[in-house]
2 protein chains.
Amino acid sequence: MSRMSAAERRPVLIEAGVRVIAREGIAGASTRAIVAEAGMSLASFHYAFESREAFLDELTASVVARESQAVLPLPEAGGDMREVVEAGLVRYLDHLRADPAHEQAMLELTQHALRAPERHPLAVAQYRRYADLAEEALTLAAERAGATWRVPVPEVASVLIAFSDGITLNWLVHRDDRAALAAARAAADALSRMAAPR
Amino acid sequence: MSRMSAAERRPVLIEAGVRVIAREGIAGASTRAIVAEAGMSLASFHYAFESREAFLDELTASVVARESQAVLPLPEAGGDMREVVEAGLVRYLDHLRADPAHEQAMLELTQHALRAPERHPLAVAQYRRYADLAEEALTLAAERAGATWRVPVPEVASVLIAFSDGITLNWLVHRDDRAALAAARAAADALSRMAAPR
DNA sequence: CGCGAACTGGGACACTCGTCCCAGTTCGAC
DNA sequence: GTCGAACTGGGACGAGTGTCCCAGTTCGCG
């Protein structure tokens, strides 16, 4: 590997790590597998990162930070709240179908963070980010639909995230687009009932 | 370890395996950790099971097979469909709160099964079992509420499972009972709208 | 009682893992 | 150009892994 500063190396390793985890899971993401994917030597890894755990923590944080293209911007669908929310969920489903490995990797990172108490804040931060995105999307949706949320937006967002997670997990198991769409429709229905026309 | 036939040993090892996975995750469920938990020697493990993977497969199947106390029987709540479904979900939440490690273990087993194509059928079977339970519960709920499902029950079940999964995952991250209840209420609302009074 | 099959414990194997070390190379600053 | 710091590759380490082997023990059956 040509010369490269530790600071430049970190993002390269993280990209490689994301690819390996998507392909093989966290269990398969050994330091050796990661440096092989990145095309560098093992020593470079521990020159750039203190440990594999520290690497995984930074990877999680970094991948979560840019988790935004999935839902936003909302597709420009008109209609009432139900339709707008459903369009948003359908858009998310498209994203999921386009890159299932990525979403599966996110799930695995969550579970990995859940396993050790000292990593729990990472999982919370991950979901904090999801919540921010969801709130933004929901506010936008209310604007589009000309409605207001009767329930505080953060609470609506929390329900939206729970629904998306469940739909994701089920789609990963069955790869059943119809079922996912049906669930998305039901979710949109439930969510839209937390809003009232303005 | 006192003398024991391979056939008797298998369930004992599986119980031990479930405890280890709940405590330490699949990654921590080494053959040595499992036999230590079961109080037997390493050789007994491979006398009873061909390999660790075969063991995990059988463990998954066995644990899924008896996954039923969580939802059924439905608590005897009267009321309309929304109330009955909500009561069922609340009951599931109680079960989740009582033994989070178990639900987390189930999630990990699903993801483990999703990782290798040859184990994918196991994940599907796991969800097939969930679907059966959900269908049973939904049919019972319709009876209780004196209503009928306007949508085929299997489809309602699939939505119910997606919602429960999502609520579970989010509760495992945040341990936020209020948020889980809010999501359960929203889910019950959406589901009940797939039924009509008889 | 005897005998063959079933089961046992302990040790060993080949391997992978995260991490570390160290002698070399390459760079930027002076 | 020199020099010190930054970076490199390769090899080694100790620990942990799944699996296997084998000499012993124990049991049920005849």
Q) Is there a donor-acceptor contact under 3.5 Å linking the side chains of B:Asp165 and B:Tyr127? A)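 Yes.
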Q: Give the ring-plane orientation class for A:Phe49 versus A:Phe55, where under 30° counts as parallel, over 60° as perpendicular and anything between as tilted.
A: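 Plane angle over 60°, so perpendicular.
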Q: Check salt bridge (charged side-chain N to carboxylate O under 4.0 Å, His left out) between A:Asp177 and all other residues, then give those that pass, not counting sequence neighbours.
A: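 A:Asp177 satisfies salt bridge (charged side-chain N to carboxylate O under 4.0 Å, His left out) with A:Arg97 once adjacent residues are dropped.
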**Q.** Non-neighbouring partners of A:Glu15 that pass salt bridge (charged side-chain N to carboxylate O under 4.0 Å, His left out), sequence neighbours left out
**A.**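 Testing A:Glu15 for salt bridge (charged side-chain N to carboxylate O under 4.0 Å, His left out), a comparison that skips the adjacent residues, returns A:Arg66.
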Which donor-acceptor pairs under 3.5 Å do the side chains of residues 135-144 of chain B make with protein atoms, sequence neighbours left out?
unit_1	atom_1	unit_2	atom_2	d
B:Glu135	OE2	B:Arg128	NH2	3.4
B:Thr139	OG1	B:Glu135	O	2.8
B:Arg144	NH1	B:Pro75	O	3.0

Just how far, in rounded Å, is [atom2] of [N] from [atom1] of [X]?
| X | N | atom1 | atom2 | result |
| --- | --- | --- | --- | --- |
| B:Met40 | C:dC7 | CE | P | 12 Å |
| A:Phe49 | D:dC7 | CZ | P | 13 Å |
| A:Ile34 | C:dT19 | CD1 | P | 11 Å |

Any protein N or O atoms within reach of nucleotides 28-30 of chain C? Criterion: under 3.5 Å, listing atom names and distances.
none

What distance do [X] atom [atom1] and [Y] atom [atom2] have between them, rounded to the nearest 0.5 Å?
| X | Y | atom1 | atom2 | value |
| --- | --- | --- | --- | --- |
| B:Leu169 | B:Ile167 | CG | CD1 | 11.0 Å |
| A:Arg129 | A:Glu67 | CZ | CD | 8.5 Å |
| A:Arg178 | A:Leu181 | CZ | CG | 9.0 Å |

Detail all sub-3.5 Å separations between protein N/O atoms and N/O atoms belonging to nucleotides 13-18 of chain C.
unit_1	atom_1	unit_2	atom_2	d
C:dG18	OP1	A:Thr31	N	3.4
C:dG18	OP1	A:Arg52	NE	2.9
C:dG18	OP2	A:Thr31	N	2.9
C:dG18	OP2	A:Thr31	OG1	2.7
C:dG18	N7	A:Arg32	NH1	2.7
C:dG18	O6	A:Arg32	NH2	2.8

Q | Same cluster (ILVMFWY, side-chain, under 4.5 Å), B:Ile21 and B:Ile14 | A |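 Same cluster.
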Q | Candidate nucleotides D:dC7, C:dA6, D:dG9, ranked by approach to the side chain of A:Ser44 - the nearest | A |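 Per side-chain heavy atoms of A:Ser44, the pick is D:dG9.
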Can you tabulate the close N/O pairs, meaning under 3.5 Å, that link protein atoms to atoms of nucleotides 21-27 of chain D?
unit_1	atom_1	unit_2	atom_2	d
D:dT26	O2	B:Arg3	NH2	3.1

Q.
Heavy-atom count check: over 12 atoms from other residues, nucleotides or ligands less than 6.0 Å from B:Glu50 CD?
A.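 Check fails, neighbour count at 12 or below.
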